[in-house]
Q: 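This is the structure I want to talk about, given as structure tokens.
By convention here, the first residue in the shown sequence is residue 1.
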Amino acid sequence: MASFRNVNDRFSSPFACAVMALTILIDASALGDEGTSVEVVPTKDGWSLHRDGVPYEVKGVGGGDSDLDRVRASGVTTIRTWGIEPETGKLLDAAHSRGLTVLVGLWMGHIGDGFDYNDADAVAAQEAELVALAEPLKSHPALLGWGIGNEVEFEHDVPEVWQAIGSLASAIKSMDPNHPTVAVTAELGSANEDRLAQYCPDIDIWGINTYAALVSLPNRLTARGWDGPYLITEYGHRGPWESTTTAWGAPLEPSSRTKAYAYTDHWNNVISTDPRCLGGFPFIWRPGASPSDTWFPMLTWDGRGTESTDSVLEIFTGTNPGNRAPTVGGIIGDVAGEVFSPGDPIVASVSAVDPEGAPLDVEWFLARETVDTDGRWTGTSATSRCLEGSGTTLSMTAPNDPGPYRLLAFVGDGGPSVGTASAPFLVESTPTGYAATPTFAVADHFSPTGWMGDTSRLGLTSCVAPSDACGGICHQISWTPTSSNWFGILWQHPPNNWGGAPGLSVAPGADRVGFYAWSDPPSDATFRVGGGNDGFTTQLTFSLGTEPAWYELPIDPNSYTDVSTGFGILADGPTPRTISVSTPTWMAKAPIHCEGDLNGDDVIGPSDLGLLLGAWNESASSFPLGDLSGNGVIDAADLGLLIGRWGPCPEG
């Protein structure tokens with residue numbers, strides 16, 4: 001039977017046989033006025049977390065750092081972070097002022113991301129850096145405990161990883177004996193309880209990230225002989241890896257009603273009922289990076305609540321909001337899992353009701369899906385296209401470009417929260433020799449996977465785009481120089497393609513890549529398109545200010561075929577900075593032939609029609625050639641003008 005090792009008592013018998021409390025901490029009086037003591041103590045049936053001697057239940061959320069007032073109003077007691085950032089001290093201050101605590105994460109490198117746990121020097125340097133980052137925070141009154149790594153062992157369950165987890169926990173415990181250490185793992189693994197016992201004597205609590213399998217977790221822990229304390233450090237509805245998929249591998253996302261039920265059911269029937277469990281963290285309280293980022297974020301891209309945030313309020317306070325989000329059962333009709341040809345009619349409806357009987361308004365979006373080199377689903381593009389329509393039924397045509405797509409619906413009632421649903425579908429056509437038209441948002445096809453240079457303190461998150469949600473996606477890059485003194489990020493197709501695989505086939509005609517960029521503090525940055533085996537490279541350096549400004553990289557419209565690097569940024573220097581880049585887009589200037597000749601072949605014909613339909617309902621900024629009517633959007637007015645000019649361009 002497995003056992004959990006004590007920080008002070010190295011006994012190996014099961015916890016049920018222990019006759020003494022788990023003594024994690026020194027007396028609180030030694031901490032001074034600002035410190036708090038947090039300890040795990042045994043109960044009759046299991047374990048309890050005490051803060052300054054008072055029982056403390058972790059009613060947490062993952063994230064929430066930018067939404068503390070709403071988090072606190074929802075009955076949350078604790079937020080979780082994954083790493084220490086320059087602003088973590090201020091976050092602790094803000095949390096404390098609102099009566100919240102923070103489980104502070106210590107991010108450890110992953111083997112899959114290139115960290116070598118056989119490199120003793122690298123492991124020692126990582127540990128020293130994390131202890132140095134943690135030390136100034138150890139006496140903060142909002143500190144609840146330390147999250148040691150996050151799923152470091154996932155897919156790399158080797159002794160060297162566990163030894164590093166155990167060593168870091170011991171170093172943190174030596175530096176701060178006043179707060180518990182939590183080893184955060186991906187589910188139970190093959191034998192994580194044995195690894196913790198063998199390699200991690202100074203881990204106080206097992207943190208478990210689990211989703212659909214949470215319902216059976218207590219029974220599985222008991223079957224493994226586990227009687228120690230644990231936290232559910234991430235939980236929610238089923239993840240993509242647990243979901244039914246389409247014939248081409250796209251997972252079917254749960255509707256917001258299903259997601260909300262999972263949060264409530266798992267808390268009420270598992271987390272709050274197992275006496276070994278100290279609480280949990282629904283995943284994840286943050287806005288989506290874009291309208292298409294809906295699987296886990298509990299807030300919409302523009303900060304509205306969802307059925308999931310309503311669920312958190314109800315399970316933590318026992319009350320519901322006065323105006324609840326519409327209840328959404330899903331997108332119905334022949335859409336999810338269906339295959340269409342370009343231009344096929346598509347009719348979709350969303351099943352939804354409002355709990356208070358208010359009329360419903362629906363926002364519809366369309367986004368591309370992304371796949372890896374083997375054709376496996378990797379996510380949904382951050383660039384979304386707004387679709388016409390506000391009712392519960394939508395009529396549209398299939399995009400001109402072949403590939404996998406996802407239709408998304410946001411159902412509102414005029415209140416602060418919405419319900420959501422999505423449906424994946426596929427567009428197939430006779431191969432034309434190209435997979436993309438020459439005008440597209442970079443995020444439709446390329447992923448920011450090409451990290452270079454000084455990446456140890458490099459972060460990439462979302463930000464607020466100066467353009468709207470239709471086609472706009474903002475990337476915020478935070479960088480603190482350490483060793484190499486430079487960094488680079490390339491948007492690659494397929495992801496992680498450094499030139500060893502074919503890139504994206506793009507039709508000729510694009511003559512520039514345009515984007516917004518800004519920097520805090522102001523700094524120089526170099527931007528790039530192409531490179532490696534692409535056959536062309538454009539690279540320019542711009543001086544960025546603190547406000548968004550528009551920049552362009554020129555391209556020879558006939559210089560490319562397959563493209564592996566659709567966009568990139570490089571910067572250097574000793575100064576920490578935050579650089580934001582929004583809406584990188586491949587574009588084409590108006591042709592010199594005739595208006596409506598979208599591909600520049602002197603004829604207005606089927607290929608031009610295909611380009612127009614492929615950009616249907618997009619804004620003119622994303623496809624200026626197609627806005628023949630000048631009304632700012634690609635729509636029926638442009639289609640009528642194009643048909644009216646059908647045939648060869650006039651001579652002269």
Q: Taking side chain as C-beta onward, heavy atoms only, is Gln539 less than 4.5 Å from Thr526?
A: yes
Q: Taking all atoms of both residues into account, what is the closest heavy-atom pair of Phe446 and Val563, and its distance?
A: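 Answer, listing the atom of Phe446 first, then Val563: CE2-O, 3.5 Å.
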Q: Using only atom types and a distance under 3.5 Å, with no angle test, would you say the side chain of Asp597 pairs donor to acceptor with the backbone of Ile604?
A: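 Here the side-chain-to-backbone pair does not exist.
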Q: Take Val184 and Trp82 through the side-chain contact (heavy atoms from CB on, under 4.5 Å) test and state the conclusion after the steps.
A: CA-CA 10 Å; Val184 182; Trp82 282 258; over 6 Å; no
Q: side-chain contact (heavy atoms from CB on, under 4.5 Å) between Ser505 and Asp562: does it pass, once the steps are laid out?
A: CA-CA 4 Å; Ser505 294; Asp562 288 350; 2.7 Å; yes
Q: Can any side-chain N or O of Arg457 pair as donor or acceptor with the backbone N or O of Thr455 at less than 3.5 Å?
A: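 Checked: no pair found.
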Q: Is the number of heavy atoms from other residues, nucleotides or ligands within 6.0 Å of CD (Glu388) greater than 12?
A: no
Q: Passes ring pair (Phe, Tyr, Trp, His ring centres under 6.0 Å), Tyr551 versus Tyr516? Steps please.
A: CA-CA 6 Å; Tyr551 301 93; Tyr516 293 97; 9.1 Å; no
Q: So, Thr370 side chain and Gly379 main chain: donor-acceptor pair closer than 3.5 Å or not?
A: yes
Q: Examine distances only and state if a side-chain atom of Thr306 and a backbone atom of Met298 form a donor-acceptor pair shorter than 3.5 Å.
A: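 Yes, Thr306 side chain to Met298 backbone: donor-acceptor pair under 3.5 Å.
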Q: Taking all non-hydrogen atoms of both residues, which atom of Val335 and which atom of Ala348 are closest, and how far apart?
A: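 So the two residues come closest at CG2-CB, 3.6 Å.
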Q: Centroid-to-centroid, Trp491 to Phe567, below 6.0 Å?
A: yes
Q: Please test His110 against Phe154 for ring pair (Phe, Tyr, Trp, His ring centres under 6.0 Å), starting from the C-alpha separation and ending with a verdict.
A: CA-CA 9 Å; His110 287 217; Phe154 181 58; 8.7 Å; no
Q: Would you give the length of the straight line joining atom OG1 of Thr420 to atom CD of Glu253, rounded to the nearest 0.5 angstrom?
A: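 It comes to 6.0 Å.
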Q: Find out whether Ile477 and Ile569 are in side-chain contact, i.e. whether some heavy atom of one side chain is under 4.5 Å from a heavy atom of the other.
A: yes
Q: Pairing donors with acceptors under 3.5 angstrom, does anything connect the side chains of Asp635 and Trp616?
A: no
Q: When you check the side-chain N and O atoms of Thr380 and Ser292, is any donor under 3.5 Å from an acceptor?
A: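 No, no side-chain donor-acceptor pair sits under 3.5 Å.
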Q: Is there a side-chain contact between Phe440 and His445 (heavy atoms, below 4.5 Å)?
A: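 When only atoms from C-beta onward are counted, His445 and Phe440 do touch, with a gap below 4.5 Å.
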Q: Quick check for you: to the nearest 0.5 Å, what is the distance between Ser564 atom OG and Gln492 atom CD?
A: 7.5 Å
Q: Is there a side-chain contact between Leu639 and Leu609 in this structure, where contact means two heavy atoms from C-beta onward sitting under 4.5 Å apart?
A: yes
Q: Passes ring pair (Phe, Tyr, Trp, His ring centres under 6.0 Å), Tyr560 versus Trp586? Steps please.
A: CA-CA 13 Å; Tyr560 59 84; Trp586 280 50; 5.3 Å; yes
Q: Check Gly605 against Trp646 and note the closest heavy-atom contact, atom names and distance.
A: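 For Gly605 and Trp646, the tightest heavy-atom pair comes out as C-CH2, 3.2 Å.
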Q: Taking C-beta and beyond as the side chain, do Ile555 and Asp511 meet within less than 4.5 Å on heavy atoms?
A: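 Counting from C-beta outward, Ile555 and Asp511 never come under 4.5 Å.
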Q: Yes or no on side chain to side chain donor-acceptor pair (under 3.5 Å) for Asn209 and Asn150, after CA distance, side-chain angles and deciding distance?
A: CA-CA 9 Å; Asn209 295 344; Asn150 184 76; 3.3 Å; yes
Q: Please test Trp241 against Tyr211 for ring pair (Phe, Tyr, Trp, His ring centres under 6.0 Å), starting from the C-alpha separation and ending with a verdict.
A: CA-CA 10 Å; Trp241 62 92; Tyr211 290 86; 5.5 Å; yes
Q: Would you give the length of the straight line joining atom CG of Leu540 to atom CG of Leu553, rounded to the nearest 0.5 angstrom?
A: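 Taking CG in Leu540 and CG in Leu553, the distance rounds to 5.5 Å.
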Q: Kindly compute the distance separating CZ (Phe410) from CG (Asp302), expressed to the nearest 0.5 Å.
A: 8.0 Å
Q: Judged by atom type as modelled, is there a donor-acceptor pair below 3.5 Å linking the side chain of Ser629 to the main-chain atoms of Ala637?
A: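 The answer is no, because no donor-acceptor pair under 3.5 Å joins these two groups.
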Q: Rounded to the nearest 0.5 Å, what separates atom CG in Leu408 from atom CG in Leu387?
A: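 Interatomic distance, Leu408 CG to Leu387 CG, rounded to 0.5 Å: 9.5 Å.
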Q: Would you check if Ile111 and Val161 make a side-chain contact, meaning some heavy-atom pair closer than 4.5 Å?
A: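 Yes; the side chains approach each other to less than 4.5 Å.
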Q: Counting distance only, does the side-chain N/O of Asp534 pair as donor-acceptor with the main-chain N or O of Phe536 below 3.5 Å?
A: no
Q: For a 4.5 angstrom cut-off between non-hydrogen side-chain atoms, does Ser582 reach Trp550?
A: no
Q: Show your working on side chain to side chain donor-acceptor pair (under 3.5 Å) between Arg577 and Ser519 and close with a plain yes or no.
A: CA-CA 7 Å; Arg577 72 203 69 171; Ser519 176; 5.8 Å; no
Q: Are any non-hydrogen side-chain atoms of Ile579 and Leu544 less than 4.5 angstrom apart?
A: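 Yes, their side chains come closer than 4.5 Å.
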Q: In plain terms, say whether Asp65 and Arg80 are close enough for a salt bridge, that is, a side-chain N and a carboxylate O under 4.0 Å apart.
A: no
Q: What's the spacing between Ile634 CD1 and Leu613 CG if we round to 0.5 Å?
A: 11.0 Å
Q: Decide side-chain contact (heavy atoms from CB on, under 4.5 Å) for Arg406 and Leu366; before the verdict, give the C-alpha distance in whole Å, the side-chain angles of both, and the deciding distance to 0.1 Å.
A: CA-CA 6 Å; Arg406 190 169 293 260; Leu366 181 66; over 6 Å; no
Q: If you take the centroid of each ring, where Trp contributes its six-membered ring, are His156 and Tyr117 closer together than 6.0 Å?
A: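 When the ring centroids of Tyr117 and His156 are compared, they turn out to be at least 6.0 Å apart.
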Q: Does Gln126 reach the main-chain N or O of Gly109 with its side chain, forming a donor-acceptor pair under 3.5 Å?
A: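 Present.
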Q: Check for a donor-acceptor pair, side chain of His493 on one end and backbone N or O of Pro502 on the other, with a separation under 3.5 Å.
A: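 No; zero donor-acceptor contacts below 3.5 Å.
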Q: Is the charged tip of Arg304 near the ring of Trp301: under 6.0 Å from the six-membered ring centre and within 45° of its axis?
A: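 Arg304 over Trp301 ring: yes.
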Q: side-chain contact (heavy atoms from CB on, under 4.5 Å), that's the test. Do Val347 and Met396 meet it? Break it down for me.
A: CA-CA 6 Å; Val347 178; Met396 59 175 287; over 6 Å; no
Q: I need the minimum non-hydrogen distance between Trp451 and Leu460, along with the two atoms involved.
A: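 In this case the closest contact between Trp451 and Leu460 is CZ2-CB, 3.7 Å.
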Q: What's the shortest heavy-atom distance between Leu407 and Ile331, and which atoms?
A: O-CD1, 3.6 Å
Q: Using atom types as modelled and distance alone, determine if a side-chain donor or acceptor of Asp627 lies under 3.5 Å from a backbone N or O of Asn631.
A: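 Side chain of Asp627 to backbone of Asn631, a donor-acceptor pair under 3.5 Å: yes, one is there.
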Q: Under the salt bridge (charged side-chain N to carboxylate O under 4.0 Å, His left out) criterion, do Asp293 and Arg286 qualify, and how do the steps go?
A: CA-CA 11 Å; Asp293 183 19; Arg286 68 161 175 84; 3.0 Å; yes
Q: What are the two closest non-hydrogen atoms of Asp524 and Thr541, and how far apart are they?
A: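 Looking at all heavy atoms of both residues, the shortest contact is CB-CG2, 4.2 Å.
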Q: Is it true that a side-chain atom of Asp520 and a backbone atom of Thr578 form a donor plus acceptor pair closer than 3.5 Å?
A: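 Not at all, since once roles are kept as given, no pair shorter than 3.5 Å links the two residues.
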